[in-house]
Amino acid sequence: MIKEIIKKNIKDAVGEEAEIFIPENEKFGHYSTNIALRLAKEKSKKPMEIAEEIINDLRLTTDNFFEKIEIASPGFINFWISEKTLQNELKEILKNKNNYGKYPQAKSYKLKAINLEFISANPTGPLTIGNGRGGFFGDVLANILKFTGNKITKEYYINDAKNSTQIRELGKTGLGLGETYLTPELKKTISTLKKKTARLKKKSPDNIAGEAGYLLASEINKQNKKFVEKVLKIKFDKWFSEESLYKSGVVKKILSDLKKKKLVYEKDGALWFKAKQFGDSEDRVLIRSTGEPTYILPDLAYHSDKFKKRKFSKAIDVWGADHHGYIPRLKAGLKSLGISEDRLKIVITQLVRLVKNGQEYKMSKRKGDYVTMEDLIKEVGLDAARFFFLMSAPDTHMNFDLDLAKERSMKNPVYYAQYAAVRCGSILQKSKIKMQKSKINFGLLNTDEDVSLMRILARFPEIVEEATENYNPQVLVRYSIDLARQFHNFYEKEHIIGERPELMSARLGLIKATKIIFEILFKLLGVSYPKKM
RNA sequence: GUCCCCGUAGCUCAACUGGAUAGAGCGUCUGGCUUCGAACCAGAAGGUUGCGAGUUCAAAUCUUGCCGGGGACGCCA
């Protein structure tokens, strides 16, 4: 609302985005803006004078939405929200229930059809912890974007191309020809496929490794899919096979398109793409001298399918940090196909470092000595794992202390938030019979604890907006911890049951609203809402 | 060698993208269950934001030079 008012009232502010923030110290208001400071140079006036002009305009248009608007040196404008406003917001929560905060206030916001691709683990083994981090991030991001009205397709890309190196290596292993690592899961799969692979040997001797690898991969992927859906509780809308791009001829089509546009040349027996022309640091190989395509070709085909065939207005890819150097290449490729690069957003999740006994826990796939996502969930549980991963921004290196997670799992913040939510539930249950259905007078909620709780509840839509616009799920996690803290605080100091009836029903309304917000939060985060703990 | 990310309390991380006295959790110390659930609350200690210079009303944040850590740069994915 402050943003809108400032935009409306200050024509000079065009081009200068009003920055609203919550000051650390409450003596500077509930909200504050530095707009006068930002404008000072441009208008060559003193910030304090500009601020003076602004609030004179503001006071005329805002009725008693604010309790107080003040100017502070060197030119901040500080706002105090009135209690009446907070009471109205409380009514909004109770009225809208689980739809509260669903659509952001900002008018500039547009709804989109978005393809969100994440996890996409190689079908050559079980999911790693890195896959899990990307998985939780993608899933929660999808929930948030859906909540704010976008049309989201959650997609999992399966790298199962018969002529790719990794699938052939996998096939060789299955046929007993190679020496790549074998996990127990893989061994099991192989034994069930022995007959099939034997038959293949006779049937198509050209690419036995590829054919066998493909069979193995689809078997492994079946296991991974089951794990993702049943254990991680992440449901995908589409499982997209790389091999299908070859079958349908899209890969060939992309190649011939590039050739037509003269963006391809031959060197050292290989076929190169002029990536440099589109902003990449050097040209890239499309087809190796051996005749096998590199991954960029099917990836271009895949993204062309997303944008051109399925007509998504935006695609978000969640990748592991090891793919970082691949971004300019893909974007260059998309540009060459006439697809604007800002339609593709790539989120990089940094690798997770495991710490055990205070030391980094080195993992070795070769020895089968590594921790899978399945192991981790078994140790700490799904709620704790989700919360833990979502707490830190995807692009920060994070340490996962196995001992800490295991021994002190009860100290994980997820329980702090859940406990607050459970307390809400149990008070409401206890007081059910005494609940008054007549008009509630929220004006009675005027202690510090009442007001602080109302204020944090009213911030919820802002948090949703921030999470949506910046693709930033972790603000929801932090908010839920803040909300829990505020509620525990309130709970400690204020009584509900046994107060005089008018105050009691007002407080019960406040608790009901808190419970609603917790319900929305937990649903968005994919965390359970326990009745008891 | 070229490029990217990071360095904040003993540990793990924040700081709303340049704002006012840098905040939480864990750990340490102190106090609070006869009262709606103590998986909770209140309080204390803990900092030259790796080091230096610059940019401006204002720098943890931007620029730059060092120091230290991680990663990417292939006809691997």
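Numbered from 1 within each chain, the chains take letters A, B, ... in sequence-line order.
Listed nucleotides B:rA39, B:rG32, B:rC75 differ in distance to A:Tyr419; the shortest reach to its side chain belongs to B:rA39. For A:Met533, counting side-chain heavy atoms from C-beta on, the closest listed nucleotide (B:rC57, B:rG37, B:rA20) is B:rG37. Which of B:rG37, B:rA77, B:rC75 sits closest to the side chain of A:Gln166 comes down to B:rA77. Of the candidate nucleotides B:rA77, B:rC40, B:rC36, B:rC40 has the atom lying nearest to any side-chain atom of A:Tyr416.
Among the heavy atoms of the strands, none lies under 4.0 Å from A:Tyr326. Across all strands shown, A:Ser289 has heavy atoms under 4.0 Å from base atoms, whether or not it also approaches the sugar-phosphate. Using a 4.0 Å heavy-atom cutoff across all strands shown, A:Ser32 reaches at least one base atom of the nucleic acid. Across all strands shown, A:Gln418 has no heavy atoms under 4.0 Å from either base or sugar-phosphate atoms.
Along RNA chain B, the nucleotide nearest to A:Asn25 and the one nearest to A:Glu494 differ in position, and the one closer to the 5' end is contacted by A:Asn25.
Taking side-chain N and O atoms only, A:Arg478 has no distance below 4.0 Å to OP1 or OP2 of B:rC13.
A:Glu89 places no side-chain N or O within 3.5 Å of a backbone atom of A:Ala458 that could act as its donor or acceptor partner.
Remark: B:rC36 base-pairs with no nucleotide in the shown strands. Criterion, Watson-Crick or G-U wobble with two distances under 3.5 Å. Base pairing of B:rA9: no nucleotide in any strand meets the Watson-Crick or G-U wobble criterion (both distances under 3.5 Å).
The heavy-atom pair separating A:Asn163 from A:Pro293 by the smallest distance is ND2-CD, 3.6 Å.
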Mind listing the N/O atom pairs, protein and nucleotides 42-44 of chain B, below 3.5 Å?
unit_1 : atom_1 : unit_2   : atom_2 : d
B:rA42 : OP1    : A:Asn489 : ND2    : 2.6

Are there any protein N/O atoms within less than 3.5 Å of an N/O atom in nucleotides 3-9 of chain B, and if so, which ones and at what distance?
unit_1 : atom_1 : unit_2   : atom_2 : d
B:rC4  : O2'    : A:His324 : NE2    : 3.4

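The P atoms of B:rU30 and B:rA14 are separated by 32 Å, rounded to the nearest whole Å. Atom name P, nucleotides B:rC11 and B:rG27: the rounded distance is 16 Å, in whole Å.
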